[in-house]
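In what follows, a structure is listed as structure tokens, so that the remarks can point back to it.
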Amino acid sequence: MFNLNSYLAKEHGNEHVLEHSLSKKKKFSAPKIYSANGDLSKRWHVYYSYRNPETGMLERMKNVYGIANRYETKEDRLAVLSVYRIKLLSLLKEGFNPFEDNNELYHQREEKKQLPQSETILKETKEVSFPEVEIEPQEPVISYQDAFKKGLKFKEKLISDTTRRSYENRLKNFILWVEKKYPELKSVSDIDKKVVMDFLNHILNQSSPRNRNNYRTDLSSIMQALEDNDIIASNFIKKIPVLKSIPQRNKTYSSEEQKEIFEHLEKTDKTLLLFIKFISYNFLRPIEVCRLQVGDLDIKNKRIQFKAKNSPLKTKIIPDLLLQDLPDLSKLNKNQSLFTPDGIGGVWDSELSNKRDYFSKRFKRVVKDPFKLGVDYGLYSFRHTYITKLYRELVKGSSPFEAKSKLMQITGHSSMKALEKYLRDIDAEFPEDYSELIKS
């Protein structure tokens, strides 16, 4: 099918513009040049509208870029786009229609003219004067608030609810900061690298390198969606470096600490104890336990299905150690939450992150405060504790590689490399006593 934009971009001829003929209802608007107020970092182009035959309304057509943005001076870009504009206007007046198949019209036109010799478009355009060229330096302005809303809309179907909420929260904080710090900025094109760097430095001063990097990642993702949809010229945030940060992790509990906590919870909070046992015995993450519904547990076949961090749906066995602690689930609604503030099985209409925060705060109140545990200890610590315990038992009767192979099946890590990094991070691997090797 004949492509009007492609044909126009390849045209090197210099034809006279046909006389303009007015009609009561124009089929198209006069093509105009967008020169971004002379900003060479932005993408210059020719734009126009054509009347949709179905709706009868003028619709903005795809921008014509061609090779204009390869040139690095205003004069060269303007010269190239001026030829595109003249050629586009000529083609539209001859009857070319972006809503139709123009093959027949194209072939008729080709038969009537001789193709020009191979020359560069820049050489041709410098021989032409453009007294009739109408330049429109500005496109309709889109505010950065509206642009970010569009960017989030573009990403919505591609990300999880948790990620979407993260984007929404960070975009909200960024917008509020810009409105306060740079109230004169209005358009999305006003948001440049300096503005974003100032904001990221603000976040760094208020929190940590890790949080600053997370803001950078989310803002860059939205900006990339805007670039992909031709709302901005380029995603400059990709050029902002990631800061080195030291990751924080939860410490593992000693055998004595773990035993005392379980005995304490047996007397004070059996629901929280069962929640922790899903983390400890099934090696689920706290947020994965919060996702569980009653129907995710197949007691007969000793299976559990859940949405994991690295896969949309994962299936694991339920070990007998956990099965014997489960209450009777047969009479519960399979579509209800397994864990709720009031006990096992029930309706709990709340965001997933709120559910996780609820159990974290409950753990702090019931366990951390009475046991005077520091900030390095939390629900996640039980996962580290029991994976460490399991690995050290497995490695007693086999080589480290064999132990890790068995462990990977149990923990659900996606690769041996990921498991080995995890074991290093939690200090699960200890060498044997090497005193004999360093004796004098």
Side-chain angles (χ1 to χ4, degrees), residues 144-145 147-156 158-182 185 188 190-229 231-251 285-288 307-311 351-354 356-357 360 374-381 383-384 413-415 417-427:
Y144 60 84
Q145 296 94 333
F148 292 148
K149 286 180 183 178
K150 286 188 176 184
L152 189 59
K153 194 73 175 177
F154 293 142
K155 301 287 294 184
E156 216 169 38
L158 307 175
I159 56 178
S160 67
D161 288 341
T162 303
T163 303
R164 177 182 54 77
R165 287 192 295 272
S166 171
Y167 283 176
E168 287 177 343
N169 182 58
R170 289 184 172 131
L171 280 174
K172 177 184 175 183
N173 291 338
F174 177 57
I175 290 171
L176 289 174
W177 181 86
V178 173
E179 289 174 346
K180 181 179 179 181
K181 185 77 173 178
Y182 294 97
L185 301 185
V188 67
D190 295 334
I191 304 296
D192 57 18
K193 185 178 177 182
K194 181 183 183 304
V195 172
V196 175
M197 279 297 299
D198 284 351
F199 174 71
L200 294 178
N201 289 334
H202 163 74
I203 295 297
L204 178 62
N205 292 333
Q206 296 291 321
S207 53
S208 65
R210 181 181 181 184
N211 192 35
R212 178 264 190 198
N213 290 340
N214 289 338
Y215 267 95
R216 176 199 168 278
T217 299
D218 286 1
L219 292 175
S220 180
S221 181
I222 295 298
M223 285 293 205
Q224 189 60 48
L226 296 180
E227 178 189 337
D228 294 342
N229 288 274
I231 293 177
I232 62 172
S234 63
N235 175 18
F236 54 82
I237 299 182
K238 292 189 294 187
K239 298 179 182 178
I240 297 177
V242 176
L243 297 184
K244 183 178 180 180
S245 62
I246 301 174
Q248 296 178 338
R249 70 170 179 87
N250 291 287
K251 291 181 179 179
R285 299 170 178 85
I287 199 164
E288 292 168 351
K307 184 182 182 304
K309 178 182 179 181
N310 52 9
S311 68
E351 296 286 351
L352 186 61
S353 57
N354 293 337
R356 179 188 57 192
D357 291 344
S360 295
V375 294
D376 297 328
Y377 292 93
L379 289 170
Y380 220 113
S381 297
R383 188 171 188 264
H384 299 335
H413 281 87
S414 58
S415 67
K417 183 178 180 180
L419 175 62
E420 289 176 338
K421 181 180 184 305
Y422 175 79
L423 292 175
R424 286 195 301 272
D425 288 344
I426 65 173
D427 297 325

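Note: hydrogens, waters and symmetry copies are ignored here, and every other heavy atom, side chains too, is used.
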key: Mutual orientation of the aromatic rings belonging to Phe174 and Trp177 [parallel < 30°, tilted 30-60°, perpendicular > 60°]   = parallel
Atom pair CG/OG of Asn214 and Ser166 - distance to nearest 0.5 Å = 7.0 Å
task = Kindly say whether Tyr377 contributes a backbone atom to a donor-acceptor pair with the side chain of Ser381 at under 3.5 angstrom?
result = no
Asp228 CG to Met223 CE distance, which is reported to the nearest 0.5 Å = 13.0 Å
ask   = To the nearest 0.5 Å, how far apart are CG in Leu171 and CG in Asp218?
value = 7.5 Å
key: Point-to-point distance, once rounded to the nearest 0.5 Å, from OG of Ser353 to CD1 of Ile287   = 7.0 Å
inquiry  = Is it the case that the side chains of Tyr215 and Asn173 hold a donor-acceptor pair, with the cut-off being a distance below 3.5 Å and no angle test?
reply    = yes
inquiry  = Do Asp161 and Leu352 have side chains that approach each other closer than 4.5 Å (heavy atoms only, starting at C-beta)?
reply    = no
query = Out of Arg170, Arg164, Arg165, Lys172, which one pairs with Glu168 under the side chain to side chain donor-acceptor pair (under 3.5 Å) rule?
reply = Arg164
message = Counting C-beta onward and ignoring hydrogens, is there a side-chain heavy-atom pair between Phe199 and Leu219 closer than 4.5 Å?
response = yes
key: Considering all heavy atoms, the nearest Ile237-Ser220 contact   = CG2-CB, 3.6 Å
message = In terms of relative ring orientation, are Tyr422 and His413 parallel, tilted or perpendicular, with 30° and 60° separating the classes?
response = tilted
request  = Answer yes if the side chains of Asn235 and Gln224 hold a donor-acceptor pair under 3.5 Å, and no otherwise.
outcome  = yes
task = Indicate yes or no: at least one non-hydrogen side-chain atom of His384 is less than 4.5 angstrom from one of Lys251.
result = no
request  = Please name the pair of heavy atoms, one in Leu226 and one in Ala147, separated by the smallest distance, quoted to 0.1 Å.
outcome  = CD2-O, 3.2 Å
key: Sidechain N-carboxylate O distance under 4.0 Å for Glu288, Arg285   = yes
ask   = Which value, rounded to the nearest 0.5 Å, describes the distance between Ile175 atom CD1 and Ile191 atom CD1?
value = 9.0 Å
remark   = Heavy-atom nearest pair, Phe154 first then Asn229, reads CD1-ND2, 3.4 Å
query = Can you name the closest pair of heavy atoms from Ser221 and Tyr167 and give their distance?
reply = OG-OH, 3.0 Å
note = Minimal heavy-atom distance between Pro209 and Leu243, with the atoms involved, is CB-CB, 4.4 Å
request  = Decide yes or no for Tyr144 and Lys149: does some side-chain heavy atom of the first lie under 4.5 Å from some side-chain heavy atom of the second?
outcome  = no
ask   = Would a 4.5 Å heavy-atom cut-off, applied to side chains only, mark Glu179 and Gln145 as touching?
value = yes
query = Any sub-3.5 Å donor-acceptor pair from Thr163's side-chain atoms to Ile159's backbone N or O?
reply = no
ask   = Which value, rounded to the nearest 0.5 Å, describes the distance between Thr217 atom OG1 and Arg212 atom CZ?
value = 9.0 Å
task = Over all heavy atoms of both residues, which pair between Ala225 and Gly151 is shortest? Give the atoms and the distance, please.
result = CB-O, 4.0 Å
